[in-house]
Each structure stands twice: as C-alpha cells, then as structure tokens.
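Each chain gets a letter, A, B and so on, in the order the sequences are listed, and its residues count up from 1.
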Amino acid sequence: MYAEHFSEPATSHVASAPIEHQFYPYASNGGTILAIAGADYALLAGDTRHITGYSINTRFRPSIHTLENLGGPERAIVVAANGFSADGDALVRRLAQRAEWYTYNHNKPLSVSACARLVQTMLYGKRTFPYYVHTIVAGLDESGRGEVYSFDPVGSYEREQCRAGGSAASLLMPFLDNQVNKKNQYDAATGLPQVATDLPLEETLKLVKDAFSSVTERHIHVGDYLEIKIVTKEGVKVEYFPLKRD
Amino acid sequence: MDHMPENWGRPRNDVYGEYQSAIHNAGQGPQSRTQTPSITGTSVIAMKFDNGVMLAADNLGSYGSLARFTDQERLIKVGNETVVGISGDASDQQYIELLLERLLIEDNYPQDGHHLRAPHIYEYLSRVMYNRRSKIDPLWNAILVAGKNDDGSPFLGYVDLLGVTYSSPSIATGYGAYLAIPLMRKIVSEEADAKNVSEEQARKVIDECMKVLFYRDARSLDKYTVATVTLDGEVKMDKNVRCQNMNWRFAEGIRGYGTQKQ
C-alpha cells in the first residue's frame, strides 16, 4: 500500500547531522602494569607484549621508564603509562623532559609526590582530548619508603600501596586486594580481620611473577616477558622474567 | 508500486526499519584532506637477517578495488643506508617523501660529515605521524623504517597513522601482519634469531611471503621491489621482481564466490 511505503521525502530534512565515518584517534595496545610499594622499596612491573587487535606487534617492548633524577640513585622515579601506546610514549617523554627541567631550575631532585602532581596537571591539561592511558608512578619518598601513585586518563590520582593497570587490571586487582591489602582475610585464632603489613621484597617478587604468570593464562593481551623495575636506596634494578608466548 | 522516486533503491522500511534520511542528506561536511585514503598501497614486509634488514612491497596503487597504478614504488631510499617502506595512501606517501627530502637537504647544509641514520629518520617520522593524528588530520599510512643503528646493528621500526610505534625483528603492515608475519617468525621470532639467518635465507622467506600475499590479498600485485640494507652500509634495490612458481590449482576448490553453482 502507498501509505505503508510512504516515508518522509528524503529532501525535506535540512542537512543538520551529517553522517560521516570519522578517523578514530585512539587504539588499544594491550599489556598490563602493576606496582607495589614496600617499607624500603617500590616496584613497578609490566609485560613487554605490544598488540593491536588479535595481532602481536612485538614480543619485547619494555614499557617501564626510569626518570634519572638529581641527588643519587635512590631518587630515581619509575613511570609506566599503559593503554594507547602512542599517547603513553608522548606522556612519558614529556614527563621526562619536565622532570629534567625541574632539576635544572631548582637544583634538587624531583620528589615522587611532586612528580605525581606534575603528571596530574599534564593529564588534566589534555582533559578535552585525553591521553588514553592508565599511568603509574613509583619511587621512594624522603624517608626511603616506597610510594606508588596511580592515575586515570584525565589525571585523577591517589597514593596507594599497590595498583594494577591496563588490559588485565581487573584480573590482578582483586588478587592484590586479597594478598597485599589482606582484604577478606581473617586471623584464624581471633577471627578478626587481618591487617595489611609491608611485604618483604622477596615475597613481593614471587607474588608479582605468580600474578603475571596466572594473568597470562587468562588474558590474551598479556604475555612474552615480564619486566620488573625495583627502586631501592641502591638505585633501580631491572629484572626480566619469561611469560608464556601463546 | 511506490511512486516516490526518492524511496526507490533504498532498504525496505518494513524489513530494515525507517530509512535514516540523514544519510541521503549528509552534505560534504567540513573537508580536510585524508579522512579516508583513496589511492592505496597494500602491505610492506620486512625482516632482519645476520647482515642487515630486508624489505619488500609490491608495485600496486589501488583505487578501491580497482588496480589503478601498477608501477608504484613504495620502498624509498632515504640517505645512503636507510630504506623507508610505506603502505596506505599514495598522496600522503608523496608528502612523506617530500618531508624526508627536505630533512635530508637540511641535514646536508653543514657538510659536517654527519648523516641521518635509520633511528633518526624513524624518530622524525613517528613525531610527524603522532602530531598529525593529534590534529585529527592523519597521514593515512603505516610505515616501516629499516637501516642501521648508531652502534652498527640492524634497525627496523614501525609507525602508523595513529603514531603507534614498535620494533621487532620481523614486521609487516596490513594483511602482511596476518599472512607474512607467521612465515617470517618461523625463522626470525626473537632478536637473537636474526644472527642465524643468511641473506639468501631471508630472501627466500621474503619471496615466499610476497607470493602468499599475492595469492590471498586481493589488492596486491605479483610485481614487487625487494630492498636489502646491509651492515656495510649498502642498499640494494631489486626492482620488478615477479612471483615465481605460482600454483593456482587451489583456486578451483574455493567455494562461495563467483559463479559456481555449488
């Protein structure tokens, strides 16, 4: 019937909403990062796999960056920005530049807390066209305690004991809540909730390697190698640990 | 019979729902250059071997599915010991060639004996690509840069229209990432593997990959260029190479396209 087929003549609309296929300026490059702070160390780990879609672009692309800092090796800061790798690279290079200028301008090392605030302003400065990354900054505070700061893409941040970011963050984080922050763990004798304490470095390293090995089994974006950077008062130590490559 | 011509040839409303007339009315909109590519080049593939890096790209410039230009060169020698392989939009490729030309001219003015090498070219290109994507006016290409590192080791890097960068001992753009990478990774998967692969072995794999790509990539050509950058600082460009020993018998077994009855 005529009436059924009649729809508004196509020409009656003003071209108010042009339909176009727009260039999408973001991508996801996989990988996962994890940071844990201890009494005398801070650790930042991440896998070295780089992906787009189902393709592995490269098996070895280290993503934990070290900001050399004035005032000795213990003032080094480690940074990782995981998500869209082009944005992550841009953020880290800009941050490295700003950190360097800071040391020249003020003749003192950039503290981790100041670095974290700098990262916030840099991220929020691109609030309308964000860096599509989950950023983690780690290092030692003035007293030598480990500290970890984590950021959302637009700069909202918080100091934490531990944090996972990236593709498999949702798999890692509940495990860390339980094992590092002792969530839902009760003392067998008293029945009281267990209190989170600083883990010794050896324990943390085992935890991190196990966590990544397990996450590799369950998440296809994670694998190949694990890069671990540990900041202590001796400086930054780097360790590599093989993960499954499938 | 529907007597309204503007409704003809459209998806049926009763099947697909109300036709969005905005589609018909969409104007040109604000125009900037590459919102979508027009003349395109398909995959570029590359792998390291014991004495350098080998790249290949075919000579086709496609206009959609039309094989429009069959003599396009997509491997560009930049300076004396670097090769840049470009896939994607051909006009943007020409612009990139212009940029690199300018870069080299600038670099030559001081006559100080310094020459830009692959890592420098790569750094420059990746900044250009990321900058353009950040202006939402991308150069619609995926680029491989091959050459020598400052320490004389082989260099191979990738950068695309998003500014995404990575390095690997074997890399391919486009369909090459699906069809050529598995073949290349058979012999060069890790950085260390490249040391056990000779130039002849690499060439065999590269030729095999180009053949497989011609078999399965509908926007490819059996005529291609192979560039070899050796660590002695020599660049060989082997042009107008043809796929050899092809066997298309498998084609008759393919079902689902064309005019066969079952």
- request: Identify which part of B:Y130 has an atom lying under 4.5 Å from any heavy atom of chain A, answering side chain, backbone, both or neither.
  value: side chain

field: Centroid-centroid under 6.0 Å between A:F212 and A:F241 rings
entry: no

message: Looking only at heavy atoms and a cut-off of under 4.5 Å, which of A:T52, A:I56, A:T58, A:N29 has the most pairs with chain B?
response: A:T58

query: Which of the residues B:S126, B:A177, B:S167 is involved in the greatest number of heavy-atom pairs with chain A at under 4.5 angstrom?
result: B:S167

query: Relative to chain B, which segment of A:D89 carries a heavy atom at a distance below 4.5 Å: side chain, backbone, both, or neither?
result: side chain

- request: Look only at the side chain of A:R61 and the backbone of B:T165, and say whether a donor-acceptor pair between them is shorter than 3.5 Å.
  value: yes

- request: With a 4.5 angstrom heavy-atom cut-off, could you sort out which part of A:Y26 is near chain B: side chain, backbone, both or neither?
  value: both

- prompt: Between B:D14 and B:R12, does at least one N-O distance fall below 4.0 Å, as a salt bridge requires?
  reply: yes

- request: Could you tell me which of B:V164, B:I181, B:I171 has the largest number of non-hydrogen atom pairs under 4.5 Å with chain A?
  value: B:V164

- request: Can you tell which part of A:D87 gets under 4.5 Å to a heavy atom of chain B, answering side chain, backbone, both or neither?
  value: both

- prompt: With a 4.0 Å cut-off, would you call B:E123 and B:R127 a salt bridge?
  reply: yes

query: Between B:E208 and B:K186, is there a side-chain N and carboxylate O pair less than 4.0 Å apart?
result: no

- prompt: Is the closest side-chain donor-acceptor distance between B:Y224 and B:R74 under 3.5 Å?
  reply: no

- prompt: Does any heavy atom of chain A fall under 4.5 Å from the side chain of B:Y178, the backbone, both, or neither of them?
  reply: side chain

query: At a heavy-atom separation under 4.5 Å, does B:E190 approach chain A through its side chain, its backbone, both, or neither?
result: side chain

task: Please check if the distance between the ring centroids of A:F151 and A:Y131 is under 6.0 Å.
output: no

- prompt: Looking at A:H50, A:R59, A:R93, which makes the most heavy-atom pairs under 4.5 Å with chain B?
  reply: A:R93

